[in-house]
Amino acid sequence: MSKPAQWDSVRASEIVMRERHWDGPALPILHALQEEFGYIHEEALPLVASALNLSRAEVHGILTFYHDFKWQPGGAHTLKICRAEACQSMGGAELADALLKRQSVMWGETTADGRLTIEAVYCLGLCACAPAALYDGEPVGRLCADTLDELVTEARGR
Amino acid sequence: MTRVFISQDAASLSLGSKRILARLENAAAEAGLALEIVRTGSRGLFWLEPLIEVETAEGRIAYGPLKTSDIDSLLAAGFLAGGEHPSRIGRLEDVAYLTRQARLIFARCGVTDPKSVADYEAHGGLRGLRRALALEPVEIVDEIKLSGLRGRGGAGFPTGIKWNTVLNAEADRKYVVCNADEGDSGSFADRMLMEGDPFTLIEGMAIAGLAVGATKGYLYIRSEYPHAYRAMNAAIEAATQAGILGSSILGSGRAFTLETRLGAGAYICGEETSLLESLEGKRGTVRAKPPLPALKGLFGKPTIVNNVLSFASVPWILEHGHEAYARYGMGRSMGTLPVQLAGNVKRGGLLELAFGVTLREVIEGFGGGTHSGRPIRAVQVGGPLGAYFPEHMLDIPMDYEAFAAAKGMLGHGGVVVFDDTVDLAVQARFAFEFCAAESCGKCTPCRVGAVRGVEVIDRIVAGIEREKNVALLDDLCQLMTDASLCAMGGLTPVPVTSALTHFPEDFDKAPHLPAAAE
């Protein structure tokens, strides 16, 4: 996963202009902004609003409706752990709870060193290989405490 | 040059198939062996993965499940010529798990190269589309109607009738939309097909376009499926290059183009009207029906919205005819259902079966019982809004009507097995919690009901005014069922009431307490 760029309103405007040609352009624009910067900076709101002829409130409404879009930059690495039923049936909830406790974070939070964000996700379609997670976009199946520890060590360097 | 097949499906990757491939490529290079590596999708036999297949004179010989450390011994055993090795399975086509299936939709998945149009065509692809190009739109629609195909997304609505409505709607523009927002836990067939055989979906959507006079299609794929999204984009590009999509489908002079859109983590966008709102670039809130999307759908135009598997069934039906398709299945559930067997089960995977097989046959016959080896206690079918069935009800046949009669639903065909360590009060609470997190917020029964549901279950489990709160829970479930705008709020009571009906003991563990003083 490449490191997100620093917020830059000129670059953001370019992205908005590049993506506005789609039918129903709001999601493609927001995805592209988040891909570039790792989150949606509040200064992006008026940019998107004026490009789409929407009010800022409407863009705020769209942004906050979807779980994917973030207001804050995340950690250097992201671990998305599935919390849905198939993973529960294989002890996923207990594994995840223990990990959150060990890392002293809640769902959606980043470790104090800024290295790892742990997010909840509801189903990755890896249900026959449960419990499952995505680590920086790479699928990991048949999770166990050891694999989770390895991932954390890789992310946090210890 | 020896051809070697290895799945790069997301589930296969999650089990280490990328590392296996890298190790194999290195070892082959060191030994000076020339390999032609074909990156396929998965056949869906996940307990045998990571898996490598080697092309030999006797067919494709499979080896699995593999660890990276097996590669050296495989090479030493001459596995490139089909040599003996402890992990040698033989031909997958001879494995009972596959021979007992009816793979119509998934015939090519895991077999072909998902990036190659030529491979697709060599394995029977495009025959359905070619036939459709020779038919009148109404003949295509009739073919689908008579096949008995019902929407595989969960609701089971007859696909042909939906198409007929769109065909007969007068408009300057119509759309074909594929719902690939496969959010149900336990479901992965859409993902597997998009990654393993995306051209089947493209062909099905193009046929739908021809059937109703739509020239533009959209595929709404959830963001939790980055691999499927990339695979579909690559396949659309390849299909466009090959003239399957574009201004003249296979040189016919008739147009159909496709675009993908990425969801953004909202479960509700799997509901068709919410999906349309999201495609239009809005909050994914549910629309009231009527008007039906078939009449006023995307951007207010008549729109076919179907699930991935519904579209993917279409090429087979067009190629072989409606009678051949309707020979599979039972009652009013015709054709095949890709069952996805998941959770706490020994042999999880994809089972494309004619409707009518019992749940027990799926879980015990194919699945081999629980992964943990403990007794099966509950099985949830049809995703987070599906019922929890106890072990003694596993003889229900996989059939839309039989499941409805048992107060459940087949949904998208996901089956999640739980062993005897499951607490159904926890699962029921989770159903409400999930609904509260994922409700679009438009209607009160769902938005508020889900939150109240969590609170009521907490009181029941704590033993506080138990009878009164159980009655309240019943009342709440009834209200959500009757008054919610869509299936999210309307079906959240299904897992809750099934848990309460079949597993009452899980809700009654605490000593009974009177109401807390205010």
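Here is the naming used below: chain letters follow the sequence lines, and residue numbers restart at 1 for every chain. In what follows, every heavy atom counts, from backbone to side chain, and hydrogens, waters and symmetry copies are set aside.
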Review point. Do other residues, nucleotides or ligands put more than 12 heavy atoms under 6.0 Å from A/Gln72 CD?
Key: no
**Study point:** Largest heavy-atom contact set with chain A, pairs under 4.5 Å, which of B/Gly349, B/Cys440, B/Ser12
**Key:** B/Cys440
Exercise for review: Check whether B/Ala378 gets within reach of chain A through its side chain, its backbone, both or neither, counting any heavy atom under 4.5 Å.
Suggested key: neither
Check your understanding: Is chain A contacted by the side chain of B/Val417, its backbone, both, or neither, given a heavy-atom distance below 4.5 Å?
Key -> backbone
Review point. Among A/Pro131, A/Ala133, A/Ser89, A/Gly91, which has the most heavy-atom pairs under 4.5 Å with chain B?
Key: A/Ser89
Review point. Which atoms of B/Thr421 come close to chain A, meaning under 4.5 Å heavy atom to heavy atom: side chain ones, backbone ones, both, or neither?
Key: neither
Review point. What distance separates A/Leu126 CG from B/Asp9 CG, expressed to the nearest 0.5 Å?
Key: 8.0 Å
Check your understanding: Does the side chain of B/Arg261 come within less than 4.5 Å of A/Asp23's, by heavy atoms?
Key -> yes
Check your understanding: Side chain of B/Ser185, backbone of A/Cys123: donor and acceptor closer than 3.5 Å?
Key -> no
Point to revise | Enclosure of B/Glu391 CD (heavy-atom neighbours >12, cutoff 6.0 Å) | key: yes
Revision key, fill the gap. Heavy-atom nearest pair, A/Glu85 first then B/Phe418, reads O-CZ, 3.7 Å
Practice item. Would you indicate whether A/Asp97, at its atom CG, is surrounded by more than 12 heavy atoms from other residues, nucleotides or ligands within a distance under 6.0 Å? Key: yes
Point to revise | Other residues, nucleotides, ligands: >12 heavy atoms within 6.0 Å of A/Arg20 CZ | key: no
Review point. How far apart are the closest heavy atoms of B/Leu341 and A/Ala128, and which atoms are they?
Key: O-CB, 3.8 Å
Study note, to complete from the structure: If one checks every heavy atom of B/Glu195 against chain A at 4.5 Å, the contacting part turns out to be neither
Review point. Does atom CZ of B/Arg173 have more than 12 heavy-atom neighbours, drawn from other residues, nucleotides or ligands, at distances under 6.0 Å?
Key: no
**Study point:** A/Arg11 atom CZ, neighbour heavy-atom count above 12 within 6.0 Å
**Key:** yes
Point to revise | Closest-packed option against chain A by number of heavy-atom pairs under 4.5 Å, given B/Gly441, B/Gly281, B/Ala264 | key: B/Ala264
Check your understanding: How far apart are the closest heavy atoms of A/His67 and B/Gly265, and which atoms are they?
Key -> CD2-O, 2.7 Å
**Study point:** Most contacts with chain A, counted as non-hydrogen pairs under 4.5 angstrom, among B/Glu224, B/Arg347, B/Gln340
**Key:** B/Glu224
**Study point:** For B/Gly186 against A/Ala86, the heavy-atom pair lying closest together
**Key:** N-CB, 4.3 Å
Check your understanding: How many angstroms lie between atom CG of A/Leu27 and atom NZ of B/Lys282, to the nearest 0.5 angstrom?
Key -> 12.5 Å
Revision key, fill the gap. Per-residue tally against chain A (heavy atom, under 4.5 Å) across B/Tyr225, B/Tyr267, B/Phe430 peaks at B/Phe430
Check your understanding: Under 3.5 Å, is there a donor-acceptor pair between the side chain of B/Arg191 and the main chain of A/Gly125?
Key -> yes
Study note, to complete from the structure: Most contact-rich option vs chain B, by heavy-atom pairs under 4.5 angstrom, among A/Gly61, A/Pro139, A/Gly141, is A/Pro139
Check your understanding: Does B/Lys18 come within less than 4.0 Å of A/Glu138, counting only side-chain N to carboxylate O?
Key -> yes
Exercise for review: Pick one of side chain, backbone, both or neither for B/Leu13, based on which atoms fall under 4.5 Å of a heavy atom in chain A.
Suggested key: both
**Study point:** Pairwise distance NE2(B/His371) to CZ(A/Arg142) - rounded to 0.5 angstrom
**Key:** 6.5 Å
Check your understanding: Atom CD in A/Gln88, atom CG in B/Asp423: separation rounded to 0.5 Å?
Key -> 11.0 Å
Revision key, fill the gap. One should read off an interatomic distance between A/Cys127 SG and B/Phe46 CZ, to the nearest 0.5 angstrom, of 9.5 Å
Exercise for review: Mind listing the closest non-hydrogen atom pair of B/Ile268 and A/Phe65 along with its distance?
Suggested key: CG2-CZ, 3.7 Å
Point to revise | Leading residue by heavy atom contact count with chain A [cutoff under 4.5 Å; candidates B/Gly183, B/Pro226, B/Gly383, B/Ser278] | key: B/Ser278
Exercise for review: To the nearest 0.5 angstrom, please state how far the CE atom of A/Met90 sits from the CG atom of B/Asn344.
Suggested key: 5.0 Å
Revision key, fill the gap. Assert top hit (heavy-atom pairs under 4.5 Å, partner chain A, pool B/Gly343, B/Ala189, B/Gly44) equals B/Gly343
**Study point:** Residues B/Ser223 and A/Tyr66: side-chain donor-acceptor under 3.5 angstrom
**Key:** no
Check your understanding: Of the backbone (N, CA, C, O) and the side chain (C-beta and beyond), which part of B/Glu280 lies under 4.5 Å from a heavy atom of chain A, both, or neither?
Key -> backbone
**Study point:** Minimum heavy-atom distance between A/Asp68 and B/Gly263, given as atom pair plus value
**Key:** OD2-O, 4.0 Å
Check your understanding: Quick one: what part of B/Lys346 sits under 4.5 Å from any heavy atom of chain A, side chain, backbone, both or neither?
Key -> neither
